[in-house]
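Here is the structure we will look at.
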Amino acid sequence: MARFFKYIILLTSSVFLLTSCQEGSEAGDLFGMWQMAESDTEYLSFSGSIALFQNSEGNRVYSNFQHQGDSLFIQCYSAEELKSDTVMVEESFGFKPFNNIRVKIESVNGDILVLSKESKTWNFHKY
């Protein structure tokens, strides 16, 4: 009888884990890789609650994000605290400040993502 309950618990926990780990569910329409329209070297990816800034040179900066209404809040992290990580996000992408980014989502659909902050606009297309 104890063996039966062990299998029931294992089966129940497996089903729970599989349903709670659906990749990209928190990202919604943002899910996937987006290429900056003005550049062919900068990419922004969203999956789950993780955003990834990357360029064609192999530099990567991971961040957490929250999508609330028409706002996108991004918290970047530099594992090795490299100045180049901050420079990539703030200079190449133009998102400032590095550790507390807030942008407005002007438009998002299957192919186009438009973000803005004050007078700056960023256009991305699905890659």
ask   = When you look at Lys96 and Phe98, which way does the side chain to side chain contact (heavy atoms under 4.5 Å, CB included) test go after all the steps?
value = CA-CA 5 Å; Lys96 297 178 183 180; Phe98 178 78; over 6 Å; no
query = Which is it for Leu115 and Val108 under the side chain to side chain contact (heavy atoms under 4.5 Å, CB included) test, yes or no, and what are the steps along the way?
reply = CA-CA 9 Å; Leu115 304 174; Val108 61; over 6 Å; no
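Nearest approach of Phe31 to Ser47, heavy atoms of both residues: CE1-OG, 3.7 Å.
Considering only heavy atoms from C-beta on, Leu113 comes within 4.5 Å of Leu30 through its side chain. Side-chain contact check for Leu44 versus Trp122: every heavy-atom pair is 4.5 Å or farther apart. Residues Phe65 and Leu72 are in side-chain contact: their nearest non-hydrogen atoms beyond the backbone lie under 4.5 Å apart. You'll find the side chain of Pro97 reaches within 4.5 Å of the side chain of Asn100, heavy atoms only. Using a 4.5 Å cut-off on side-chain heavy atoms (C-beta onward), Val89 and Ile101 make contact.
Rounding to the nearest 0.5 Å places NZ of Lys126 at 9.0 Å from CG of Asn109. Atom-to-atom distance recorded for Glu57:CD and Met88:CE is 9.5 Å, nearest 0.5 angstrom. How far OG of Ser63 is from CG of Asn99: 11.5 Å, rounded to the nearest 0.5 Å. The CE atom of Met36 lies 10.5 Å from the CG atom of Asn55; values are rounded to the nearest 0.5 Å. We find the CD-NE2 distance between Gln35 and His125 to be 4.0 Å, quoted to the nearest 0.5 Å.
Placement of Tyr43 and Phe46 in two distinct hydrophobic clusters is found when ILVMFWY residues are connected by side-chain heavy-atom separations under 4.5 Å, directly or transitively.
With sequence neighbours excluded, the residues that form a side chain to side chain contact (heavy atoms under 4.5 Å, CB included) with Val114 are Glu106, Ser107, Ile112, Thr121, Asn123. Applying the side chain to side chain contact (heavy atoms under 4.5 Å, CB included) test to Ser84 and every residue at least two apart in sequence or in another chain returns Leu82. Residues satisfying the side chain to side chain contact (heavy atoms under 4.5 Å, CB included) criterion with Leu52, sequence neighbours excluded, are Ser45, Gln54, Arg60, Tyr62.
Ring-plane geometry between Phe95 and Phe53 is classed as perpendicular, the angle between the planes exceeding 60 degrees on a 0 to 90 degree scale with a lower cut at 30.
Atom OH of Tyr127 has 12 or fewer heavy atoms from other residues, nucleotides or ligands within 6.0 Å.
For Lys104 (side chain) and Glu118 (main-chain N/O), no donor-acceptor pair under 3.5 Å exists by modelled atom type. The backbone N or O of Gly69 lies less than 3.5 Å from a partner atom in the side chain of His67, making a donor-acceptor pair.
Side chains of Gln68 and Ser71: a donor-acceptor N/O pair is absent below 3.5 angstrom, by distance only.
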